[in-house]
Participant: 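Handing you a structure now.
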Amino acid sequence: MSVEAGKKSGYVFKAPRGTEDILPGNWSLWKKLEEVGRQEFELCGYYEIRTPVFEDTRLFVRSLGEATDIVEKEMYTFSDSEDSSITLRPENTAPVMRAYLEYEMHKTKKFQKYYYIGPQFRKERPQAGRLRQFHQMGIEAVGANDPLLDVETIGVAVRIFDRIGLKGYNVKINSIGCEKCRPIFRNILKDKLCEHETALCELCRSRLHRNVFRILDCKNEKCKEITHHLPPVSDYLCEECRIHANTVREALVEIGIPYIADAHLVRGLDYYTKTVYEITHSSLGARDAICAGGRYDNLVSDIGGPSIGAVGFAIGMEATILAMQNVLNKKNTSVPQEVSGPAPSVYIVYIGNEVKKHCFYLLNLLRKSNISADFDYEGRSPKAQMRVANKLGVKYVLVLGPEELARGNVTIKIMETGEEVIIRQDELLDWFLQKL
RNA sequence: GUGGGCGUAGCUCAGUUGGUUAGAGCAUUAGACUGUGGCUCUAAGGGUCGCGGGUUCGAAUCCCGUCGCUCACCCCA
């Protein structure tokens with residue numbers, strides 16, 4: 001096999017298909033999203049949990065459902081030399097629940113609220129905002145069936161988007177019932193759709209047998225036409241699910257979250273029950289979800305635990321950042337276009353190599369005092385050093401040459417005004433600590 | 001896995017009906033009073049035109065293949 005094949009640049013290695021490097025120029029948005037997320041999660045009483053990036057394959061087969069596409073063809077599965085099969089996590093809910101059970105949290109403190117941030121893996125064809133290694137941040141509230149908890153999670157997501165300044169998102173919500181009522185209306189739906197079988201698109205005809213609910217969000221116009229004339233799923237909910245759904249909606253109104261009741265919203269993962277929701281952003285393409293979540297009352301028992309209800313969501317970080325970029329109208333760059341880390345406050349310019357070592361000493365002196373500072377390691381001329389300082393956007397340049405060295409002084413240039421002051425070196429720290 | 005679009009300097013692109021040493025802007029580097037930034041001017045570096053093959057006297061330009069990227073579909077965050 002030739003590694004030369006297909007390379008674009010002259011270099012041998014490139015990031016594998018469907019993965020991407022988050023470069024310094026883009027990092028500020030990631031940082032902001034993560035920081036705001038953490039803040040909001042913790043504000044609402046969620047605790048961070050980190051699970052391994054790989055798990056026993058059976059965990060995902062059990063939780064997601066054997067017949068789902070994720071399990072059938074999208075998992076990175078391999079054996080680690082023994083008999084065990086392991087899989088790079090395609091989502092983080094099942095791992096969190098696994099940990100919850102493994103440490104027997106349900107016995108000590110049944111109700112737990114967790115949050116996680118990390119990479120997930122799905123072997124799909126890459127597309128806008130959809131990668132093979134992608135990142136999610138999400139929450140899981142385990143151990144309670146209160147519909148208000150469903151609403152709490154929606155509130156958390158909404159506030160995160162508000163706080164990062166992302167305008168133009170929509171909250172869509174639906175109920176897909178529970179294990180009691182869902183099979184009933186699945187059959188009703190199937191029967192009704194069978195009457196129109198010939199009018200459905202080819203794909204939906206196969207969905208008729210595999211996954212009826214998926215027909216509800218088919219993009220084909222004819223199929224839409226048919227499904228829009230069907231009575232909404234909510235007509236078939238059992239008493240318990242109906243009350244649950246109504247409470248959720250009322251509470252959303254109560255706390256002022258606008259939502260769209262979308263009877264066609266369904267979920268691909270088997271474990272969802274009752275409340276499902278999705279937050280989409282108008283600036284995105286075909287894949288417009290930036291957050292998806294819902295209640296999953298059967299997952300814990302599915303993977304061998306007691307019957308315990310839970311709700312959660314996952315925010316797709318790539319998709320969210322894409323939306324942020326669209327809103328901010330920014331593009332990716334390989335070089336920092338705005339300083340993504342904090343710009344150093346001070347840049348030290350040395351004139352002549354004789355004073356360089358002393359400047360290095362001063363550099364470390366500043367840093368020890370918690371003053372961010374940097375200097376030249378490339379052997380540039382004083383002029384070029386100034387250019388670098390200017391580009392970095394530092395407030396002060398400390399200039400030191402043989403003259404200053406002899407007198408025990410330093411020249412400080414205030415970049416904004418161009419003004420220069422000369423002070424004694426032993427006053428340096430005080431001067432900066434007062435200014436910064 | 002299926003289908004469409006694209007592939008020329010670090011980035012964004014131009015490149016006329018195939019014709020000599022492939023261009024621009026931005027970025028980079030260096031100069032324009034010997035120890036100093038932003039503006040301006042000058043100059044320099046940087047591309048085997050994704051890769052391979054074919055047609056041709058001659059191909060970045062046409063054909064085929066291949067790889068990669070991208071968008072969309074299935075599915076999903």
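The chains referred to below are lettered A, B, ... by the order of the sequence lines, with proteins before strands, and numbering in each begins at 1.
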Participant: Which whole-number value in Å describes the distance from Met386(A) CE to rG35(B) C1'?
Facilitator: 11 Å
Participant: Polar pairs (N or O, both sides) under 3.5 Å between protein and nucleotides 38-46 of chain B?
Facilitator:
{"from": "rG38(B)", "atom 1": "O4'", "to": "Asn390(A)", "atom 2": "ND2", "distance (Å)": "3.2"}

Participant: With sequence neighbours left out, write down each residue that passes side-chain hydrogen bond (donor to acceptor under 3.5 Å, both in side chains) with Glu140(A), or none if nothing qualifies.
Facilitator: Thr93(A), Tyr296(A)
Participant: Run through RNA chain B and report every stem of 3 or more consecutive Watson-Crick or G-U pairs, distances under 3.5 Å, ordered by first number.
Facilitator: B:1-7 with B:67-73, B:10-13 with B:23-26, B:28-32 with B:40-44, B:50-54 with B:62-66
Participant: Please produce a list of atom pairs where a protein N or O lies less than 3.5 Å from an N or O of nucleotides 70-73 of chain B.
Facilitator:
{"from": "rC71(B)", "atom 1": "OP2", "to": "Ala128(A)", "atom 2": "N", "distance (Å)": "3.1"}
{"from": "rA72(B)", "atom 1": "OP1", "to": "Ala286(A)", "atom 2": "N", "distance (Å)": "3.0"}
{"from": "rA72(B)", "atom 1": "OP2", "to": "Gln127(A)", "atom 2": "OE1", "distance (Å)": "3.3"}

Participant: Can you give me every donor-acceptor pair (side chain of residues 157-167 of chain A, partner residue at least two apart or in another chain, under 3.5 Å) with its distance?
Facilitator:
{"from": "Arg159(A)", "atom 1": "NE", "to": "Glu40(A)", "atom 2": "OE2", "distance (Å)": "2.7"}
{"from": "Arg159(A)", "atom 1": "NH2", "to": "Glu40(A)", "atom 2": "OE2", "distance (Å)": "3.1"}
{"from": "Asp162(A)", "atom 1": "OD1", "to": "Tyr169(A)", "atom 2": "OH", "distance (Å)": "2.7"}
{"from": "Asp162(A)", "atom 1": "OD2", "to": "Tyr169(A)", "atom 2": "OH", "distance (Å)": "3.4"}
{"from": "Arg163(A)", "atom 1": "NH1", "to": "Glu40(A)", "atom 2": "OE1", "distance (Å)": "2.6"}

Participant: Looking at residues at least two apart in the chain, or sitting in another chain, which of them share a side-chain hydrogen bond (donor to acceptor under 3.5 Å, both in side chains) with Arg295(A)?
Facilitator: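 side-chain hydrogen bond (donor to acceptor under 3.5 Å, both in side chains) check on Arg295(A) returns Asp150(A), Asp297(A).
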Participant: For rC67(B) and Lys14(A) - does any side-chain N or O of the residue sit under 4.0 Å from the phosphate oxygens OP1/OP2?
Facilitator: no
Participant: So does Arg130(A) get a backbone contact from the side chain of Glu318(A), meaning a donor-acceptor N/O pair under 3.5 Å?
Facilitator: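 It does not hold such a pair.
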Participant: Checking the side chain of Lys113(A) only, and the main-chain atoms of Cys44(A) only, is there a donor and an acceptor separated by less than 3.5 Å?
Facilitator: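 Confirmed, Lys113(A) side chain pairs with Cys44(A) backbone.
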Participant: Side chain of Ser372(A), backbone of Ser345(A): donor and acceptor closer than 3.5 Å?
Facilitator: yes
Participant: What side-chain donor-acceptor pairs closer than 3.5 Å can you find for residues 400-414 of chain A, not counting sequence neighbours?
Facilitator:
{"from": "Glu404(A)", "atom 1": "OE1", "to": "Gly401(A)", "atom 2": "N", "distance (Å)": "3.0"}
{"from": "Glu404(A)", "atom 1": "OE2", "to": "Thr411(A)", "atom 2": "OG1", "distance (Å)": "2.7"}

Participant: For Leu64(A) and rC75(B), give me the distance from atom CG to atom C1', rounded to whole Å.
Facilitator: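 Going from Leu64(A) (CG) to rC75(B) (C1'), I get 12 Å.
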Participant: Please test His358(A) against Gln425(A) for side-chain hydrogen bond (donor to acceptor under 3.5 Å, both in side chains), starting from the C-alpha separation and ending with a verdict.
Facilitator: CA-CA 11 Å; His358(A) 186 66; Gln425(A) 282 184 33; 2.7 Å; yes
Participant: Atom CD1 of Ile351(A) to atom P of rG37(B): distance rounded to whole Å?
Facilitator: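 Rounded to the whole Å, the gap is 11 Å.
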Participant: Can you tell me how far P of rA77(B) sits from CD1 of Ile315(A), to the nearest Å?
Facilitator: 13 Å
Participant: Can you measure Tyr272(A) atom OH to rC75(B) atom C1' for me and round it to whole angstrom units?
Facilitator: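 Answer to the nearest Å: 14 Å.
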Participant: Who are the side-chain hydrogen bond (donor to acceptor under 3.5 Å, both in side chains) partners of Arg98(A), not counting sequence neighbours?
Facilitator: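 With neighbours one apart ignored, the set is Glu55(A), Glu102(A).
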Participant: Aromatic ring centroids of Phe213(A) and Phe185(A) under 6.0 Å?
Facilitator: yes
Participant: Looking at residues at least two apart in the chain, or sitting in another chain, which of them share a ring-ring contact (aromatic ring centres under 6.0 Å, His included) with Phe432(A)?
Facilitator: Tyr396(A)
Participant: Taking the same atom, P, in rG58(B) and in rU42(B), what whole-Å distance lies between them?
Facilitator: 41 Å
Participant: Under the rule for side-chain hydrogen bond (donor to acceptor under 3.5 Å, both in side chains), what residues qualify as partners of Arg387(A), not counting sequence neighbours?
Facilitator: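 Expected list: none.
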Participant: Do any of residues 400-412 of chain A sit with a heavy atom less than 4.0 Å from RNA chain B, and if so which?
Facilitator: Glu403(A), Glu404(A)
Participant: Would you please name every residue forming a salt bridge (charged side-chain N to carboxylate O under 4.0 Å, His left out) with Arg424(A), sequence neighbours left out?
Facilitator: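 Testing Arg424(A) for salt bridge (charged side-chain N to carboxylate O under 4.0 Å, His left out), a comparison that skips the adjacent residues, returns Asp426(A).
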